[in-house]
Amino acid sequence: MVNDAMVNDAMVTGGGGPVLKAERLCKRFGGVVASDQIDFNLERGEMRCVIGPNGAGKSTFFALLCGILPPDSGRVILKGRDVTHLPAFRRVRMGLGLTFQTNRAFHALTVAENLETARRASASASGAADDAHFRAAFGAFDLAASSHLPARELPHHQLQWLEICMALRRGPDVLLLDEPTAGMSPGETMYTADVLKTLSREGLALIVVEHDVAFVRKVAETVTVLHQGSVFAEGPVEVITQREDVRQIYLGRTREAAA
Amino acid sequence: MMRMLQLLNGPHDLGRGRGFWSGMVLLAAAFLAYPTIASSFSATNVAYYLLNIPMALGLSLLWGYGGVLSFGQVAFYGIAGYTYGIVAGNLQDFAWGTEAGVLAALLAAGLSAAAFGYFLFYGRVAAWIVPILTLVLALLLATFLGLTAGYQWRVGDIQLGGYNGMTGIPALQIGGLTFQDYAFFYLVVAIVAICYVALRIWVNAHRGQVLMAIREDVLRTELLGYDVRLEQLRVFVIASVLAGVSGLLYVQWGNYITPSAMGLQQAALPVIWVAVGGRDSLLAVAIATFLLNQLTYILSSGGNQSALVIVGALLVAVMMFAPEGIIAGLGRLHWLHWLRARRRAVPSGPASSGK
Ligand SMILES: Nc1ncnc2c1ncn2[C@@H]1O[C@H](COP(=O)(O)OP(=O)(O)OP(=O)(O)O)[C@@H](O)[C@H]1O
Ligand SMILES: [Mg+2]
């Protein structure tokens with residue numbers, strides 16, 4: 001295991017390969033094609049935004065990456081290792097963290113217990129987890145004052161922050177956030193963007209699913225657009241957000257919603 | 001040591017603080033003093049009301065704290081009882097025969113639970129099927145043992161005995177001391193106290209929190225890096241060994257066991273005790289188990305056939321009017337009042353000065 005981890009680290013830092021990679025991922029639910037031949041590369045320290053209208057397959061893509069769902073075909077490669085057939089908890093131990101689209105911190109436990117539960121998941125192969133990212137986020141989100149409150153008593157934005165801190169607790173290399181700012185005020189959204197941006201500058205790789213264009217403009221360099229399960233467009237944020245066809249997808253959705 | 005005491009006083013059960021623990025010590029003292037005023041017959045009866053508490057506490061841990069309902073804990077109760085009968089019976093002439101029986105019984109309960117639980121949890125059997133499969137296990141065992149009448153069904157010198165069961169099971173002996181009458185009473189009181197204290201520490205320690213995390217959200221817990229299957233298997237084995245402890249005490253009490261100890265009625269009873277007490281409070285479960293066993297015993301020894309009907313009706317009433325359990329419900333009301341009174345008394349501290 002130790003050798004494995006060293007080899008992987010060498011591949012990531014030295015070889016410069018992507019820290020997380022998807023190859024031709026496919027997933028259907030009956031007649032619905034939720035993921036259609038998705039190819040995807042995430043570099044270490046990169047901050048990627050994934051956008052797309054409702055039902056585009058963003059959450060399904062996350063579920064495939066972290067092992068909640070098995071793909072029908074295709075591969076997932078984490079830190080140079082094929083993890084397609086590893087259960088979710090093993091991928092997490094290898095250095096993956098995730099927050100869900102709906103907040104799923106443990107509402108019955110206190111903030112401190114939530115974080116303690118996250119910290120004490122069995123030791124990872126790479127030994128002592130580096131929790132520098134966690135400490136940065138924990139400080140920035142100012143959760144210490146609420147340590148002894150049951151999570152259910154936190155205001156919504158702090159609950160979102162708590163779940164991010166839980167996912168960071170064991171020092172992952174890759175963090176997947178599914179609409180982390182949903183339900184936050186514009187101010188809270190921008191503050192969250194700042195904190196995440198800082199984490200990525202310090203070496204954390206992130207994929208963030210987000211609808212808020214202001215948020216995307218602020219944090220992302222590269223944006224991936226999913227539409228009907230496949231990668232519709234990918235490129236620098238200024239280019240993507242100006243593209244007419246990308247706007248059409250979103251507008252189409254608003255028109256349908258309005259109708 | 002301090003850490004243990006802190007955990008013991010932790011928040012995941014009813015009752016905290018000096019007043020509560022003084023009460024508990026008094027209660028323990030009352031039990032210890034009871035034989036001085038009671039006949040050995042009454043003491044043995046009280047021991048009988050107590051001896052199912054380990055099984056009930058195990059089910060509380062598994063179901064109340066861990067969210068996994070087993071309807072077949074009596075299977076492990078029976079496995080332990082029969083195993084003890086076989087081993088201790090065959091080794092009657094040896095000094096350590098009954099101790100070997102205890103060891104074998106607990107091992108048998110633990111290993112069979114590990115094997116069965118492996119299939120349940122690593123096979124990712126859906127949560128709602130677990131109570132059915134565990135019940136089927138108990139009923140299969142009861143049915144099988146019911147078929148073991150006749151001389152050919154024996155292990156060594158001991159006959160399984162079919163529906164009439166196994167009789168003449170020797171009582172536990174350590175040195176010159178045989179655990180009967182008062183000695184048996186003290187043994188049961190000590191084991192119940194140890195089980196309660198140990199489990200209360202356990203639920204307030206890390207592993208207990210993981211258990212509650214799984215109960216609340218299996219996927220979230222797995223996505224923090226926990227192997228949920230392993231955690232569930234572990235608690236299933238603990239609960240089943242505790243059921244085995246009760247089974248062991250039961251055969252000490254009556255010196256016999258029959259397949260009906262694993263039958264449908266007996267399988268339902270632990271679930272009733274735990275639900276009526278309040279499944280996510282060890283203390284409430286212990287109290288309810290004691291009271292309901294006493295109730296059943298008194299009702300049925302009066303020649304009354306309706307004991308199970310009455311206890312079942314109680315379950316229905318509780319599920320309708322106090323779904324979190326009678327005793328836990330009453331206890332929480334009490335502690336809530338107490339907490340409110342304290343909050344009013346203490347002026348807002350630095351933690352509550354923020355918005
Ligand atoms: N478990 C499931 N069973 C059946 N269909 C599913 C399941 N999960 C997702 N789908 C379908 O797959 C498609 C993609 O869903 P997904 O949740 O991945 O979209 P999304 O991009 O995350 O949408 P949103 O912005 O609303 O969160 C949708 O058509 C959805 O109805
Ligand atoms: Mg989604």
(message) Take a 6.0 Å sphere around CE of B/Met319 and say whether it holds more than 12 heavy atoms from other residues, nucleotides or ligands.
(response) yes
(message) Quick check on the structure: residues of residues 183-191 of chain A within a heavy-atom distance below 4.5 Å of chain B, by number.
(response) none
(message) Tell me every residue that passes side-chain hydrogen bond (donor to acceptor under 3.5 Å, both in side chains) with A/Glu210, counting only those two or more places apart in sequence or in another chain.
(response) A/Thr181
(message) Can you confirm whether A/Phe106 sits close enough to B/Arg215 that some side-chain heavy atom of one is under 4.5 Å from a side-chain heavy atom of the other?
(response) no
(request) Please list, chain by chain and in numerical order, all residues satisfying side-chain hydrogen bond (donor to acceptor under 3.5 Å, both in side chains) with B/Ser70, sequence neighbours excluded. (result) B/Gln73
(request) Step by step, work out the side-chain contact (heavy atoms from CB on, under 4.5 Å) result for B/Arg220 and A/Phe100. (result) CA-CA 8 Å; B/Arg220 175 70 273 176; A/Phe100 294 91; 3.7 Å; yes
(message) To check you understand the geometry: which heavy-atom pair defines the closest contact between A/Ala121 and B/Leu224, and what is its length?
(response) CB-O, 3.2 Å
(request) Pull out the residues in residues 58-75 of chain A that come under 4.5 Å of chain B, heavy atom to heavy atom, sorted by number. (result) A/Cys66, A/Ile68
(message) On a heavy-atom basis, which atom in B/Tyr226 and which in A/Phe89 lie closest, and how many Å separate them?
(response) O-CB, 3.2 Å
(message) Under a 3.5 Å distance rule, please check whether A/Glu113 uses its side chain to pair with a backbone N or O of B/Gln209 as donor and acceptor.
(response) no
(request) Considering only heavy atoms and a distance below 4.5 Å, find which of B/Met212, B/His12, B/Glu216 pairs most often with chain A. (result) B/Glu216
(request) Can you establish whether the number of heavy atoms outside B/Tyr122 located under 6.0 Å from its atom OH is more than 12? (result) yes
(request) Against chain B, label A/His148 side chain, backbone, both or neither, depending on which of its atoms sit under 4.5 Å from a heavy atom there. (result) neither
(request) Drop me the distance from A/Arg120's CZ to B/Arg207's CZ, to the nearest 0.5 angstrom. (result) 7.5 Å
(request) Search all heavy atoms of A/Arg93 against all heavy atoms of B/Gly225 and return the closest pair with its distance. (result) NE-O, 2.8 Å
